[in-house]
Asker: 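This is the structure I have questions about; it appears just below.
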Amino acid sequence: MARGTARCRRRPEPGRHRERDGTDGGRGALAFDTGPACALLDAATRHVTGDRLTFDADGALAARGRVAPELLARLLDDPYYARPAPKSTGKELFHLGYVLDRLGPTPPSAEDLLATLVALTARTVADAIRDGVTEVVASGGGTRNPVLMAALREELPGVAVRTSDELGVPSQAKEALAFAVLGWHTWHGLPGVLPGATGARHVSVLGSVTPGAGGVFPPGAAAGADRPGRLEVVRC
């Protein structure tokens, strides 16, 4: 759960056949945005505190509030949640004006508003993944909000909810690590997208590598070069 949208990635079942390019061909994997994650929480926090706070540290404000059922129902009624995956969204949809337009004639208190947005994030994440999921590994800024994490666990009884930090991947470093992996794929001329997972029309090598003087890049695209079939990431 990042500070913007919540992205879900379902991994394929262990033991799946893997293609020569190091992917599973997209079978069993799925990646999409479930909803706003902390985008609405952060926007609302800035609004109710007059920009004094940029986010609700430790969920302190939300913890003092109560969920407003009618507001939560209006927020959950957004058509985006009913769309099938793969799908994508962002702050072009989920922003402060989006929340203010749905407050109704009797706006909730600041604390109740944030408690409701926590419930929205936890519910929409859980609704998108609850069928058949046995473990959730969360990362991003939202993992530092204990109120949000508790709400997610409550929405997913019987499902192990962990953070990527527990597996050696710092939540705040996930984007940097992801782009390092994508860069490795591009360097070796390997596709960095799975059509079955993201909805892309075909596999493709992402980005480009600009060579220096006399350089030939990427080496994986050179004639006769052996392309690696697997990337192993080790923690030093």
Side-chain angles (χ1 to χ4, degrees), residues 1-9 31-83 85 87-130 136-156 159 161-165 170-175:
M1 292 177 289
R3 284 289 176 202
T5 55
R7 298 181 181 92
C8 167
R9 299 172 183 85
F32 61 97
D33 294 332
T34 66
C38 293
L40 296 184
L41 277 168
D42 291 350
T45 298
R46 287 191 296 270
H47 177 69
V48 300
T49 64
D51 288 325
R52 181 174 57 85
L53 298 177
T54 57
F55 64 96
D56 185 15
D58 296 324
L61 294 174
R64 298 201 296 267
R66 305 179 75 172
V67 175
E70 292 184 0
L71 173 57
L72 179 59
R74 286 194 293 273
L75 292 168
L76 287 170
D77 196 41
D78 192 286
Y80 179 79
Y81 303 123
R83 287 173 49 192
K87 56 186 177 179
S88 180
T89 189
K91 294 181 180 180
E92 70 279 0
L93 174 60
F94 297 114
H95 50 77
L96 178 61
Y98 175 93
V99 176
L100 298 181
D101 289 344
R102 288 161 176 76
L103 291 184
T106 308
S109 67
E111 291 82 0
D112 288 356
L113 173 59
L114 294 178
T116 303
L117 293 176
V118 163
L120 171 71
T121 296
R123 177 76 59 81
T124 52
V125 170
D127 283 349
I129 64 176
R130 67 173 83 248
V136 172
V137 179
S139 64
T143 62
R144 303 175 73 174
N145 184 328
V147 177
L148 176 56
M149 292 300 292
L152 181 59
R153 290 186 173 97
E154 185 175 346
E155 287 283 350
L156 294 169
V159 175
V161 178
R162 311 168 65 185
T163 67
S164 63
D165 300 76
S171 292
Q172 300 304 303
K174 69 167 186 176
E175 297 287 350

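As the structure is a prediction and not an experimental result, all values here were calculated from the model. Residues take their numbers from the sequence shown, with the count starting at 1. What's counted below: heavy atoms across the whole structure, side chains too, no hydrogens, waters or symmetry copies.
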Asker: Enter the distance from Asp77:CG to Arg102:CZ here, rounded to the nearest 0.5 Å.
Answerer: 9.0 Å

Asker: If you count heavy atoms of other groups shown closer than 6.0 angstrom to CD of Gln172, is the number above 12?
Answerer: yes

Asker: Quick one: are Leu120 and Leu76 in side-chain contact, heavy atoms under 4.5 Å?
Answerer: yes

Asker: Would you say Lys87's side chain and Tyr80's backbone share a donor-acceptor pair under 3.5 angstrom?
Answerer: yes

Asker: What's the shortest heavy-atom distance between Ala43 and Leu96, and which atoms?
Answerer: O-CD1, 3.9 Å

Asker: What's the separation between atom CG in Leu71 and atom OG1 in Thr106, rounded to the nearest 0.5 Å?
Answerer: 11.5 Å

Asker: Heavy-atom count check: over 12 atoms from other residues, nucleotides or ligands less than 6.0 Å from Arg66 CZ?
Answerer: no

Asker: For the pair Thr143 (side chain) and Gly140 (backbone), establish whether a donor and an acceptor sit closer than 3.5 Å, ignoring hydrogens and angles.
Answerer: yes

Asker: So, do Val136 and Val125 sit near enough that their side-chain heavy atoms are less than 4.5 Å apart?
Answerer: no

Asker: Drop me the distance from Leu75's CG to Thr124's OG1, to the nearest 0.5 angstrom.
Answerer: 10.0 Å

Asker: Minimum heavy-atom separation for Ala44 to Leu114, with atom names?
Answerer: CB-CD2, 3.8 Å

Asker: So do Cys38 and Asn145 actually touch side chain to side chain, heavy atoms under 4.5 Å?
Answerer: no

Asker: Contact between His47 and Val99 at the side-chain level, heavy atoms closer than 4.5 Å - yes or no?
Answerer: no

Asker: Could you measure the distance from the CG atom of Asp58 to the CG atom of Leu148? Nearest 0.5 Å is fine.
Answerer: 12.0 Å

Asker: Provide the closest heavy-atom pair for Val48 versus Ala110 in the form atom of the first, atom of the second, distance.
Answerer: CB-CB, 3.7 Å

Asker: Anything under 30° is parallel, anything over 60° is perpendicular, the rest tilted; go ahead and classify Phe94 against Tyr81.
Answerer: parallel

Asker: Work out which heavy atom in Met149 is nearest to a heavy atom in Val161; give both atom names and the distance.
Answerer: CE-CG1, 3.9 Å

Asker: For the pair Arg123 and Leu72, evaluate side-chain contact (heavy atoms from CB on, under 4.5 Å) and give the outcome as yes or no after the intermediate values.
Answerer: CA-CA 10 Å; Arg123 177 76 59 81; Leu72 179 59; 4.1 Å; yes

Asker: Any side-chain heavy-atom pair from Leu156 and Ile129 closer than 4.5 angstrom?
Answerer: yes

Asker: Which pair of heavy atoms, one from Ala37 and one from Thr121, lies closest together, and at what distance?
Answerer: O-OG1, 2.8 Å

Asker: Determine whether a donor-acceptor pair (N or O, by modelled atom type, separation under 3.5 Å) exists between the side chain of Asp112 and the backbone of Ala68.
Answerer: no

Asker: To the nearest 0.5 Å, what is the distance between CG (Leu100) and NE2 (His95)?
Answerer: 9.5 Å

Asker: Any side-chain to backbone donor/acceptor pair from Arg130 onto Glu155? Under 3.5 Å, distance only.
Answerer: yes

Asker: Can you tell me how far the CZ atom of Arg74 sits from the CG atom of Leu103, to the nearest 0.5 Å?
Answerer: 7.5 Å

Asker: Tell me, do Glu92 and Thr89 make a side-chain contact under 4.5 Å, heavy atoms counted?
Answerer: yes

Asker: Quickly, which of Leu53, Asp56, Asp51, Leu41 forms a side-chain contact (heavy atoms from CB on, under 4.5 Å) with Arg46? Name it, please.
Answerer: Asp51

Asker: Can you name the closest pair of heavy atoms from Ser164 and Ser171 and give their distance?
Answerer: OG-OG, 3.5 Å

